[in-house]
Amino acid sequence: MSSEPPRRAWSAGVPVALVILLGTALLINYADRGTVSVAGPSLGAEWQLDKDQLGWLLSAFFWGYVPAQPLVGWLADRVGAARVLTAGFCLWSLATLLCGWSWTPMSLAALRVVMGVGESVTYPSALALLAQRVSDRYRARATSVLQLGGVAGPALGTFVGGWILVLYGWRTMFITLGLLSLLWLIPWRRQLAQPAVAPADGAQGEGPTFPEILAKRALWTATLGNFCSNYAFYFVFTWLPMYLVEARSYSVASMVSVTTAFYVLDGLGLLATGWALDAWVRRGARADRAYRTALAVSAAGVGVCLILCARAGPGAAVALLLVAGVLDGLNSPSVCSVVQRFAGPRATGRWMGVENAIANVAGILAPIVTGYVVKETGRYEPALYVAGGVALVGLLTWLFLVPRIEPIDWSLRRERFARAAGP
């Protein structure tokens, strides 16, 4: 057993400044991404939008975000993840700012598409950097610090953006958050100047080609599991504010408090999961068992909570949503650790580009399907059943379809391809 103090071990095994800055970038990513959901009730009233029209507006971001993922994943692996992240960050921050000058739903939707293209760089670039610079001993906790930004962002964005909206209107909210986002580039300049480093786990060579990556069953089954958890999350992410205001008669201020609490609890569950998974693996558990258990418990818990929420009273419904937030936290560090473990440092950018592209189709479908369901039925309960049911499909996927979560030996696969091609 090492006599190294835990804090020193963490610092020695992880580039802490990089991980914190990546987590902050993801925080800003989700804060900016979620602004239109916070503004949803105001936009619907000002522009007289039906629920299905509002659903399309909420999904506009993903029409840029999804198709750009494979390209930026390739760029992260080939051109450099830090550079790609910088360019995308500038693009989405400026698009957020310009949303404040939108005067029609179409102009806002177009800027949201541009924002989606910019934000598509974050996960492929961030995970490529972590796969290169963080060893397996600290994989889950480093990923959990990164992923904390994904839940702290909606919490902070809802809280800060909501109060700006209440006091000054939604246009000021977009402009303020866009300007504040650009401040991240100041500390990031030091990371951008860092020279390339050898991967933490010693991987060498160019890594696999796209066809080799696309041929793996692990990619497609993990993508399905990720899609199912994303659908439930994006249902909450895009429609929770309006659900609380319209179905549960919350004021905007009360909606902000409950929505913020959901993301705070999600973040606490996420951090606890990251540290617990690393500790479990260090004590001898297989990474496959640790990650698969966390993903299965998360999918089951979130699915059941959303389904029960549909029939619960006002107080119980909010309690179930908050429990779902905690359980969603088990998913975030696990699913990204699975990507890094399967793909390795030479392929994580491209693998995550493909997986995140397909899994985030859920971000297109969840708001649109929910909008149509609520419009046709006049109620939110059927939409809760759909979101919960999709999450339970994810449970079956993680338990029975995803193969053993172990590093793929790409060199062996390349040798087999070469032998099949002949002399």
Side-chain angles (χ1 to χ4, degrees), residues 27 30-55 57-58 61 96 99-100 102 105 108 112 151-177 180 232-268 305-306 308-326 328 366-367 370-371 373-375 377-384 387:
L27 181 153
Y30 272 88
D32 290 347
R33 186 187 307 193
T35 47
V36 75
S37 298
V38 177
S42 299
L43 293 171
E46 181 173 332
W47 287 334
Q48 298 181 340
L49 300 176
D50 291 334
K51 289 294 183 292
D52 56 334
Q53 294 172 317
L54 195 55
L57 181 59
L58 290 168
F61 168 92
T96 301
C99 283
S102 299
L108 180 58
R112 293 284 294 177
V151 293
L156 186 63
T158 300
F159 184 78
V160 176
W163 283 108
I164 295 174
L165 183 149
V166 168
L167 296 174
Y168 303 107
W170 63 267
R171 289 185 173 84
T172 302
M173 178 188 69
F174 281 116
I175 294 169
T176 302
L177 293 179
L180 291 175
F233 176 80
Y234 283 126
F235 165 75
V236 174
F237 185 72
T238 55
W239 281 96
L240 180 59
M242 281 167 286
Y243 167 72
L244 292 173
V245 170
E246 297 180 356
R248 298 299 182 178
S249 301
Y250 276 68
S251 66
V252 172
S254 298
M255 172 271 289
V256 167
S257 298
V258 173
T259 305
T260 301
F262 174 91
Y263 294 118
V264 168
L265 292 172
D266 197 323
L268 293 175
C305 283
L306 291 178
L308 293 178
C309 183
R311 305 299 298 174
V318 170
L320 286 166
L321 286 169
L322 296 181
V323 172
V326 175
D328 184 69
T370 301
V373 168
V374 174
K375 181 183 178 182
T377 65
R379 299 181 297 120
Y380 281 86
E381 287 84 354
L384 285 161

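Note that the numbering runs from 1 along the sequence shown for the chain. Computed over heavy atoms, backbone and side chain alike; hydrogens, waters and symmetry mates excluded.
- Atom CE of M173 sits about 10.0 Å away from atom OG1 of T96, to the nearest 0.5 Å.
- Within the 4.5 Å cutoff, the side chain of C309 has heavy atoms near those of the Y243 side chain.
- Just one residue in the list L321, T158, L244 forms a side-chain contact (heavy atoms from CB on, under 4.5 Å) with V258, and that residue is L244.
- When all heavy atoms of S102 and L108 are compared, the pair lying nearest together is OG-CA, 3.5 Å.
- What you find for F237 and G34 is that their closest heavy atoms are CZ-CA, 3.4 Å.
- Rounding to the nearest 0.5 Å gives a distance of 9.5 Å between CG of D32 and CG of L27.
- Interatomic distance, CD of Q48 versus CG of D50, reported as 9.5 Å (0.5 Å rounding).
- The heavy-atom pair separating A310 from L384 by the smallest distance is CA-CD1, 3.7 Å.
- Considering all non-hydrogen atoms of both residues, C99 and R112 come closest at SG-CD, 4.4 Å.
- Without hydrogens or angle criteria, T35 side chain to A31 main chain gives no donor-acceptor distance under 3.5 Å.
- From Q53, atom CD reaches atom CG of L58 across 12.0 Å, with rounding to the nearest 0.5 Å.
- Between F159 and W163, the ring-plane angle classifies as perpendicular under the 30° and 60° cut-offs.
- Of all heavy-atom pairs between S37 and T238, the closest is OG-CA, 3.4 Å.
- Across A383 and V373, no two heavy atoms sit closer than the pair N-CG1, 3.8 Å.
- The distance from atom CZ of F235 to atom OH of Y380, rounded to the nearest 0.5 Å, is 8.5 Å.
- For R248 (side chain) and G315 (main-chain N/O), no donor-acceptor pair under 3.5 Å exists by modelled atom type.
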Between T172 and L165, is the side-chain contact (heavy atoms from CB on, under 4.5 Å) condition met? List the steps.
CA-CA 7 Å; T172 302; L165 183 149; over 6 Å; no

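- In this structure, CG on D266 lies 11.0 Å from CG on L322, to the nearest 0.5 angstrom.
- Side chains of W170 and E46: a donor on one and an acceptor on the other come within 3.5 Å.
- Remark: R311 CZ is loosely packed, at most 12 non-hydrogen atoms of other residues, nucleotides or ligands lying under 6.0 Å away.
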